[in-house]
Amino acid sequence: MESVEQLLERLVTGVIRDRIGADAPAAVRPCGNPKFGDYQVNGILPIAKVEKKNPRALADLVAAAAAQPLAAIAEPPTVAGAGFINVKLKPGFVASRLPQALANPRLGVPAASPARTIVLDFSAPNVAKSMHVGHLRSTIIGDSIARTLRFLGHRVITDNHIGDWGTQFGFLVHGFKQEKLDLASATDPIAEMERVYRKYYGASEADPSIREAAKAELVKLHADDSENLALWKKLRDLSMPAFERVYQRLGARFDHTLGESFYHPRLPGVVAGLKGKGLAEDSEGAVCVFFRDVPALKDKPFLIQKSDGAFLYPTTDLATLQYRVETWQPGEIIYVTDSRQKLHFQQLFETARRWGHADLKLAHVTFGSVLGEDDKPIKTRSGEPIKLGQLLDEAERRAMEIVEAQNAELPAETKREIARVVGLGAVKYADLSQNRINDYVFSWPKMLAMQGNTAPYLQYAYVRIRSIFRKGSMEHGARSMEPGAVVLADPAELDLAKFILRFPEAIELATEDYRPNFICSYLYDLACKFSAFYEQCPVLKAGEPTRASRLMLCQLTAGVLRQGLDLLGIQTIEQM
RNA sequence: GCGCCCGUAGCUCAAUUGGAUAGAGCGUUGGCCUCCGGAGCCAAAGGCUGUGGGUUCAACUCCCGCCGGGCGCACCA
């Protein structure tokens with residue numbers, strides 16, 4: 001189903017081609033200011049510049065010629081400013097689109113064409129350590145991108161590239177051998193692993209022999225020593241359930257969890273391959289890729305093998321990329337990590353291009369740090385990273401306090417569910433509603449506020465709509481509606497109706513640069529417009545045909561809210 | 001030293017990728033409960049978009065220089 005914006009773009013671009021002979025887009029955008037109309041054509045000015053013509057005259061010509069093709073959709077277009085063409089939708093057209101959106105499984109959002117295969121790499125916690133706030137943004141943002149791309153019909157493969165082969169295992173293996181611990185009986189195996197790691201890593205700073213021992217154990221592990229391998233496997237397997245619990249709470253799903261260790265056998269081949277192609281060379285005993293022809297990277301080598309023969313993060317990432325291409329033939333791979341890794345991915349992508357993956361789209365989706373109220377990266381009072389599980393517990397606890405204060409009479413089970421959905425939604429929404437490239441300040445009161453651009457506000461708007469249907473004894477609204485039966489007489493009705501039809505635009509913006517905050521701001525505006533309508537227009541008490549028409553607006557609003565929140569990984573509830 | 005990112009209302013943030021008069025929330029001030037959930041709604045005040053140049057019909061957005069803040073840069077990941 002074509003969106004309103006796409007429809008206008010297609011028609012006006014056709015007029016520009018036929019009447020001016022210019023092969024240029026109409027560049028239709030929503031009007032910056034509603035007083036001008038609903039959509040504006042921005043494409044005339046650039047054309048006038050190229051053709052060296054008067055922009056106003058050109059705009060007059062196109063506007064006049066567009067009146068006929070747009071007759072069923074909009075009032076006759078008008079020209080304003082330097083050469084903008086303003087388009088105001090006819091209420092009758094808006095009314096006719098609503099039943100189509102209602103009947104459409106995607107609420108009017110066009111399916112991606114062509115659908116592509118996209119590998120999405122996000123979250124990536126380290127084995128033997130708890131997930132902490134550092135993994136929050138990657139997981140939440142990555143999951144939202146996955147949901148959105150899937151919604152559009154793409155084949156999305158989510159792959160959790162866990163850190164299960166790094167230097168931490170040297171200390172862990174050494175420590176566990178020293179202490180002869182039996183992890184199977186531990187109530188919190190990860191806490192044990194963290195304790196052992198901290199103890200031996202800490203001790204190594206004063207005692208180099210411990211560092212040497214740890215390094216030796218790591219070398220043995222990487223050489224497939226059976227005892228170390230068995231111990232490593234145990235540590236890894238005992239870490240997974242804790243990750244799983246967090247993902248289940250967050251609603252994040254991975255199709256694959258192929259960690260660093262999976263690629264271990266491929267690493268020598270990667271280095272040999274790159275050297276063979278002349279892309280990598282020996283330097284100071286190590287093997288590096290140099291980018292002498294890229295000014296920004298010319299003094300920044302990409303190390304793929306250490307002078308002691310060990311492989312590095314870049315080597316694994318290259319092997320991973322190669323495996324993904326061989327296995328899934330993706331058109332694109334997206335990595336969701338914090339912005340500090342920018343240089344690494346620049347180098348990785350540049351190497352991949354030279355390596356023969358020039359047609360593969362590679363995207364590094366970066367984000368800033370989570371800061372505490374003191375504007376420093378968030379930590380506990382003792383300086384430890386905040387554990388993700390504890391953070392989610394606190395979100396639910398704080399939401400529960402609010403539910404208790406507002407709706408103490410609800411059954412305990414219902415209150416728990418509300419607190420869970422609202423608490424987790426608040427954490428996610430606070431993160432996703434901001435431009436991901438900036439750092440963001442974590443604040444409980446702000447994310448749990450019931451007013452303003454927050455998850456609880458949106459969830460509340462949804463609840464109010466559902467309440468109307470309950471009150472009217474209609475659990476499910478109408479599934480279809482005759483286009484002629486829609487009445488949009490009140491300005492609040494028309495305003496809401498037009499905005500419902502703009503859901504596709506929000507999705508497109510959010511997808512273009514992997515920016516979920518565009519979905520958030522659309523949903524917030526939608527909720528605000530619904531509130532205005534709700535105050536202004538009685539639904540259940542209205543006479544027919546207005547009542548049925550307003551019920552449909554309610555139903556569509558609820559549908560878009562629920563779907564939009566779902567794309568953010570946020571649930572809705574029936575009451576709160 | 002080199003490179004990347006950020007600087008927008010008192011505070012926290014938007015701004016559809018170069019479009020018309022830069023928008024929200026919090027906070028402040030003032031209104032709205034015979035009415036579908038007031039966890040709500042409406043309104044007012046608040047800005048030289050860090051700064052100085054440049055490009056353009058048009059700049060928060062692009063280019064150059066400063067000033068502030070953050071991050072990264074050879075054997076961690």
Side-chain angles (χ1 to χ4, degrees), chain A residues 5 27 29-33 35-36 40 42 45-46 48-49 55 80-84 86 124 126 163 165-168 260 283-288 295-308 310 312-314 316-317 337-344 346 366 368-369 371 375 377 402-403 405-407 422 433-435 437-441 443 445-446 449-454 456-457 459-461 463-472 505-506 508-510 512-513 515 517-518 520-522 524-525 528 531-532 534-542 550 554 575-576:
Chain A
E5 198 182 50
R29 299 284 179 276
C31 275
N33 187 331
K35 87 172 185 201
F36 295 125
Q40 60 187 62
N42 288 343
L45 289 137
K49 181 167 198 137
F84 302 101
N86 291 319
N126 285 316
W165 203 243
T167 45
Q168 78 263 35
E260 294 166 343
S283 171
E284 296 175 29
V287 181
C288 304
L297 297 178
K298 70 175 184 341
D299 56 348
K300 310 239 181 322
F302 196 43
L303 261 74
I304 58 173
Q305 189 168 20
K306 293 168 41 168
S307 49
D308 67 2
L312 294 132
Y313 179 40
T316 310
D317 269 359
T337 84
D338 70 87
S339 51
R340 287 176 307 191
Q341 299 188 44
K342 233 173 162 166
L343 175 61
H344 167 75
Q346 237 181 315
T366 63
S369 310
L371 306 180
D375 278 357
I402 297 169
V403 178
Q406 299 290 340
N407 268 322
V422 171
S433 61
Q434 289 194 33
N435 188 338
I437 63 175
N438 296 315
D439 292 348
Y440 101 91
V441 179
S443 159
K446 275 180 185 144
M450 301 298 162
Q451 61 280 71
N453 189 6
T454 66
Y457 177 81
Q459 289 165 324
Y460 179 65
V463 162
R464 288 207 292 184
I465 299 173
R466 295 302 302 154
S467 175
I468 292 172
F469 284 93
R470 265 200 309 281
K471 204 124 200 161
E505 298 168 24
E508 198 192 328
L509 281 173
E512 220 160 81
D513 251 330
R515 295 264 307 271
N517 66 304
F518 284 111
C520 298
S521 84
Y522 169 80
Y524 177 64
D525 289 342
C528 290
S531 288
Y534 181 88
E535 295 285 320
Q536 191 69 32
C537 305
V539 177
L540 294 173
K541 289 186 176 145
R550 288 181 177 170
C554 289
Q575 51 181 331
M576 63 190 275

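In what follows, every chain begins at residue 1, and chains take the letters A, B, ... in the order their sequences are listed. Side-chain atoms are counted along with the backbone in the values below, which use heavy atoms only and exclude waters and symmetry mates.
One P atom belongs to B/rC64, the other to B/rA20, and the distance between them is 25 Å to the nearest Å. Straight-line distance between the P atoms of B/rG23 and B/rG70: roughly 32 Å, to the nearest whole Å. Taking the P atoms as reference points, B/rC41 lies 45 Å from B/rC57, given to the whole Å. Taking the C1' atoms as reference points, B/rC60 lies 11 Å from B/rG7, given to the whole Å. The separation of B/rC6 from B/rU49, taken at their C1' atoms, amounts to 14 Å, rounded to a whole angstrom. Comparing the P positions of B/rA9 and B/rC73 gives an interatomic distance of 32 Å, to the nearest angstrom. Only the C1' atoms considered, B/rA45 is 15 Å distant from B/rC26, to the nearest whole Å.
Between the CG atom of A/Leu540 and the P atom of B/rG37 there is a distance of 8 Å, given to the nearest Å. Straight-line distance from the CG atom of A/Asn435 to the P atom of B/rG25: 20 Å, rounded to whole Å. The CZ atom of A/Arg470 sits 8 Å away from the P atom of B/rG37 (whole-angstrom rounding). Rounded to whole angstrom, the span from the OH atom of A/Tyr534 across to the C1' atom of B/rC41 amounts to 11 Å. Distance, A/Glu512 CD to B/rU16 P: 11 Å, rounded to whole Å. In this structure, CZ of A/Arg464 is placed 16 Å from P of B/rC35, rounded to the nearest angstrom. Protein atom OH of A/Tyr524 is 15 Å distant from nucleotide atom P of B/rA15, rounded to whole Å. B/rG27 atom C1' lies 17 Å from atom CG of A/Asn453, rounded to whole Å.
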Where protein sits on nucleotides 70-77 of chain B, one letter per nucleotide: B base, S sugar-phosphate only, - none, heavy atoms under 4.0 Å: -SBSBBSB
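If you check every strand for non-hydrogen atoms under 4.0 Å, A/Gln451 touches sugar and phosphate atoms only. No engagement by A/Pro55 is indicated, since no non-hydrogen atom pair under 4.0 Å with the nucleic acid exists. Backbone-only engagement by A/Arg515 is indicated by non-hydrogen atom pairs under 4.0 Å involving sugar-phosphate atoms exclusively. Using a 4.0 Å heavy-atom criterion, one finds that A/Cys520 contacts no nucleic acid atom at all. Within 4.0 Å of A/Asn86, counting heavy atoms only, lies at least one base atom of the nucleic acid. Among the atoms of the strands shown, only primed sugar atoms or phosphate atoms (P, OP1, OP2) are found under 4.0 Å from some heavy atom of A/Val441. Residue A/Ala80 is in base contact, counting any heavy-atom pair closer than 4.0 Å across all strands shown.
Candidate nucleotides B/rU56, B/rA39, B/rG19 were compared by shortest atom distance to the side chain of A/Lys49, and B/rU56 ranks first. Counting only heavy atoms from C-beta on, A/Ile402 has its side chain closest to B/rA39 among B/rA39, B/rA20, B/rA14. Relative to the side chain of A/Met450, the nucleotides B/rA39, B/rC4, B/rG37 differ in distance, and B/rA39 lies closest. Picking from B/rG40, B/rU16, B/rA14 the nucleotide with the shortest atom distance to the side chain of A/Glu535 gives B/rG40. Taking only side-chain atoms of A/Gln40, from C-beta outward, the nucleotide of B/rG37, B/rC11, B/rG19 with the closest atom is B/rG19.
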Worked verdict on A/Glu5 versus A/Glu508 for side-chain contact (heavy atoms from CB on, under 4.5 Å): CA-CA 11 Å; A/Glu5 198 182 50; A/Glu508 198 192 328; 4.2 Å; yes
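Side-chain contact check for A/His344 versus A/Tyr313: some heavy-atom pair is nearer than 4.5 Å. Residues A/Ser531 and A/Tyr457 are in side-chain contact: their nearest non-hydrogen atoms beyond the backbone lie under 4.5 Å apart. The shortest side-chain heavy-atom distance between A/Ser339 and A/Ile437 does not fall under the 4.5 Å cut-off.
Distance check, rounded to the nearest 0.5 Å: CG of A/Asn453 to CG of A/Asp525 gives 8.0 Å. Rounding to the nearest 0.5 angstrom, the gap separating the CD atom in A/Glu260 from the CG atom in A/Asn126 is 7.0 Å. If you take CG on A/Asn42 and CZ on A/Phe84, they are separated by 6.0 Å, rounding to the nearest 0.5 Å. Atom CG in A/Leu303 sits 4.0 Å away from atom SG in A/Cys288 (nearest 0.5 Å).
Nucleotide B/rU16 is matched to nothing when pairs are restricted to Watson-Crick or G-U wobble geometry with both distances under 3.5 angstrom. Nucleotide B/rG72 is matched to B/rC2 when pairs are restricted to Watson-Crick or G-U wobble geometry with both distances under 3.5 angstrom. Across all strands shown, B/rU56 remains unpaired; no Watson-Crick or G-U wobble contact has both distances below 3.5 Å. Taking a pair to require two hydrogen-bonding distances under 3.5 Å in either a Watson-Crick or a G-U wobble arrangement, B/rA22 remains unpaired.
Both A/Pro46 and A/Ala532 lie near RNA chain B, and the one whose nearest nucleotide falls closer to the 5' end is A/Pro46.
With its ring centre under 5.5 Å from that of the base six-membered ring and a plane angle below 30°, A/Phe36 counts as stacked on B/rA20. B/rA39 has no stacking from A/Tyr457 on its base ring, since the centres under 5.5 angstrom apart and planes within 30 degrees of parallel are not both found.
Under the 4.0 Å criterion applied to side-chain N and carboxylate O atoms, A/Arg515 and A/Asp513 are not assigned as salt-bridge partners.
More than 90° away from 0 lies the glycosidic angle of B/rC66, which makes this nucleotide anti.
Within a 6.0 Å radius of CZ in A/Arg340, no more than 12 heavy atoms belonging to other residues, nucleotides or ligands are found.
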